[in-house]
Each structure stands twice: as C-alpha cells, then as structure tokens.
2 protein chains.
Amino acid sequence: MQPGRTAGQRAGLTRETVLRAARELLAEGGLTALSMRALAGRLDVAPNALYSHVANKTALIDDLLDDVLAGVEAPAPDTGAPVTRLHQLMASTYTVLLAHPDLVPLYLSRQGARGPHAQRLGNIAAALLRRAGVPEPAASEALRVLIVYTIGFAAFTSHLPEGAGTEHQPGAAELHDNFGRGLGWLLTGIQRSRPS
Amino acid sequence: MQPGRTAGQRAGLTRETVLRAARELLAEGGLTALSMRALAGRLDVAPNALYSHVANKTALIDDLLDDVLAGVEAPAPDTGAPVTRLHQLMASTYTVLLAHPDLVPLYLSRQGARGPHAQRLGNIAAALLRRAGVPEPAASEALRVLIVYTIGFAAFTSHLPEGAGTEHQPGAAELHDNFGRGLGWLLTGIQRSRPS
DNA sequence: ACCTGAACACCGTTCAAGT
DNA sequence: ACCTGAACACCGTTCAAGT
C-alpha cells in the first residue's frame, strides 16, 4: 500500500503519466536523475510496475527523444528562398535541442532519427533541398550532413564547461552564432555543387 | 591472495597496466564491458585497488580518449594547398575515431578536446586555416565547425543499425564518402568567406 | 605507498504471485 | 491487465585496516 492511495486501489499508471514523470525527472535533475527506480519512486509504485507500460528504459528514452523534435517549427511555406528556409529549419532544430541538453548526445548514438517527428523534419528538409535545385544523390548526402552537423553542434554546446562565457571560452550566445555561420558555409558549399 | 601471485606478493599495478587493460576491455566488449569492477577482475585485484592509480572512471576515460587521437597523422608540411591538407587532417581524424566506435560519442559530451594530442591537432588545423587566408575571428569559428562536424559524423557512423549496407541504408563505405563530400562543402564555404 | 574486506548507495530487469 | 515482493546480477566509490 502506497501513500495517497487506500487499500486495494490501483496505482492507475498510464503510458502517458509515465512519460510525463520521466520528462519532469529529466528537467529537474538531468539524465542521471532519470532511472527506472527514481521514476517508479516519483509515481509511488514498485520499479517493475513500469514494465507494464514501457518495454524498457531504451524504448522510453527513444520516445522522449522524438517528442522533443515535436517542438521544431517548420518554416512557413512559399516565403523566401528554399536555402533560407533550410537555414531556419536547422536553426530551429538547434534551439529546440538545446532546450533539452541532457538528451542531445543520445541522438547521435542511437538510430534516433526514426521516430515520426524526426521523419517529418527529414521530409521537409528533403523537399527544400529539391526545391533548391540540388540533384540526387547529392541531396541525400546533404541532408545527412545537415542533420549530423546540427545535432553534433548541439551536443557540443550542450555541455559547457564551468567558466564558459568569459575570456576566450565561448558562451552559449557565441556558440549559437558559430553554429549559424557554419550552417551558412555548409549551405553555400551545397549550393555551389549544383549543376549550372 | 590471487591466482598467479603467491602470498605476500604485491599486485604491482601501474597506471600504464591499468590503462592497457582498459583498452583491451574496450576492444573486446565495447563501452559496456568497461566497468571498474570488470577492469579490476581482469587485473586480479580488488575493485578499489584501481583508485590508487586513477582518480575515477571519468579521468580514466578522458585519458583513453586523448590516447586515441595520438593515432591521427598530421599531413606532410609544404605539400599541396592548405585546404587540401586540412581535408586530409580531418579525414584522418575521422578514420582514427571510427577505429574506436564506442568512444566516439563521448568526445562531444565531454570537454574532450583538452588533452595534449587534441591540442596538437587543434594547433595544426589552426595554422592551416591561417595559411589558407582565413582571417580571425572566422578562423576560430571554422576550426570549431570542422571539429564538431568530424566528431559528429564519426559518432553518427559509429553505431550503424543491423541492416546497414543494403538497400537504401548506407554502409560504412557510403558514409565515409558522405563525410568527405560534406567536408568539401564546408571547406568551400569557409574559403568563400575570405575577404578578396 | 599500495592493496584488501566490507560496506554504502545505488542500477535495470525478471519471475512468481496476488487481485 | 496491472501491480507487488523478492531476487538476480550488477554498478562506482569510500573507509578503515593491514603490510
């Protein structure tokens, strides 16, 4: 019997409540705070109760990863050049990723980009590359390069050392600028590879 | 008393023997196989004996990370254009990183690039950017972009899904090509940003 | 200085059992 | 179907004690 519940009453866990609690744990204490046992503790259930709603910890995290990408806003269609909109899309992704610093390193190591939201973003970017006149197979390669660069830079930025933002140690603002400049270089190079 | 040693004899651990055993463990079973307890077991000592030679697991891994970078070969000086040599340097780094797939994701999350070998590579790349005519502060930004791109792509490549190399799933060879193409785009963009 | 025994404070996951 | 108790097989690290 757990506090907050009288005898015989079920915990009433849901897949959604589990995921929500996981996000809270992550927001409060980072990745190290997210253990199955801590998660169970927060929900006032035994650790193994979670396995009725989630296959395992890996599957749980995969869901969290894709959920984050839901926050990326696709640029308004038919406004500005395709390359400009590509820049906006990747910059928005970068910003959203940095709002969840602890998760970022996981995107690169896992297959990661296979959830529905990741696919949506991939399709948008692919369409923009086509519109920009980049032919296959360069477009597929460019897509992968843009994704890797964005996630990689976010992962790099996500764990700033203590004395960041002072002296020659760049802070979050400088790194954001740096990201944008590199993204511009990349898009310039991709455009120049077009057949003219 | 441990097997292989008679009573009263010391284990005779060294910082070097510990690091070597760690590398072996890593090569045989990947990152999950590298635990302090497994490491102690392989060296026939109690787990806490390791702490006489290494501050903690994080410090141990930091050493391993920088050691890997010792394998990166600097391009021969005064041969070819600076940009070509930059390409070679980063491509060599990419190859060396992929020889130790399990460690790659750690480079991005940690400060990582603060060991002696990482500094050496950074200095070489910075000199090449200067020679290529890239002024400050663009050169510093370009350096960071190149590093992040290279490590990021290696991290992405390092954990290939099962069915890789078939159908539309790219294998290691395709990804290596993809990395090189993206590196070229990046260097093109960086060069185009020079004042002419 | 270097190593051990024992312990502390944890992990993820499984299995049989209860309702 | 959903949850618990108990257990399995682990972790990294610290502390006091021995040589």
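First the proteins, then the strands, lettered A, B, ... as listed; each starts at 1.
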Is the closest side-chain heavy-atom distance between [X] and [Y] below 4.5 Å?
| X | Y | value |
| --- | --- | --- |
| B:Tyr94 | B:His176 | yes |
| A:Leu13 | A:Ser52 | no |
| A:Glu28 | A:Arg23 | no |
| B:Leu64 | B:Leu34 | yes |
| B:Leu146 | B:Ile190 | yes |

Please say whether more than 12 non-hydrogen atoms of neighbouring residues, nucleotides or ligands are located less than 6.0 Å from CD in B:Glu24. yes
Rounded to the nearest 0.5 Å, the CD1 atom of A:Ile61 sits from the CG atom of A:Leu19 at a distance of 11.5 Å
SB check B:Arg131 B:Asp78 (cutoff 4.0 Å): yes
Take A:Met36 and A:Tyr51 through the test side chain to side chain contact (heavy atoms under 4.5 Å, CB included) and record every step on the way to the result. CA-CA 9 Å; A:Met36 296 301 269; A:Tyr51 292 86; 3.8 Å; yes
For the pair B:Phe179 and B:Phe153, name the ring-plane relationship: parallel under 30°, tilted 30 to 60°, perpendicular over 60°. perpendicular
Output the residues of residues 50-59 of chain B in contact with DNA chain D, where contact means a heavy atom of the residue under 4.0 Å from an atom of the strand; sort by number or write none. B:Tyr51, B:Asn56, B:Lys57
Quick one: stems involving DNA chain D, counted as three or more successive Watson-Crick or G-U pairs, both distances short of 3.5 Å. C:4-8 with D:12-16, C:12-16 with D:4-8
Please give the distance between the P atoms of D:dA9 and C:dA9 as a whole number of Å. 24 Å
Which pairs, protein N/O on one side and nucleotides 15-17 of chain C N/O on the other, fall under 3.5 Å?
{"from": "C:dC15", "atom 1": "N4", "to": "A:Asn48", "atom 2": "ND2", "distance (Å)": "3.3"}

Looking at residues 21-42 of chain A, who's got a heavy atom less than 4.0 Å off DNA chain C? A:Ser35, A:Met36, A:Arg37
Atom CG of A:Leu60 to atom C1' of C:dT13: distance rounded to whole Å? 14 Å
Would you please name every residue forming a side-chain hydrogen bond (donor to acceptor under 3.5 Å, both in side chains) with A:His117, sequence neighbours left out? A:Asp66
Residues passing the ring-ring contact (aromatic ring centres under 6.0 Å, His included) test with A:His100, sequence neighbours excluded, are none
Shortest side-chain distance from A:Pro47, nucleotide among C:dT13, C:dC3, D:dT4: C:dT13
Could you please spell out the steps behind the side chain to side chain contact (heavy atoms under 4.5 Å, CB included) verdict for A:Val145 and B:Leu183? CA-CA 9 Å; A:Val145 163; B:Leu183 181 56; over 6 Å; no
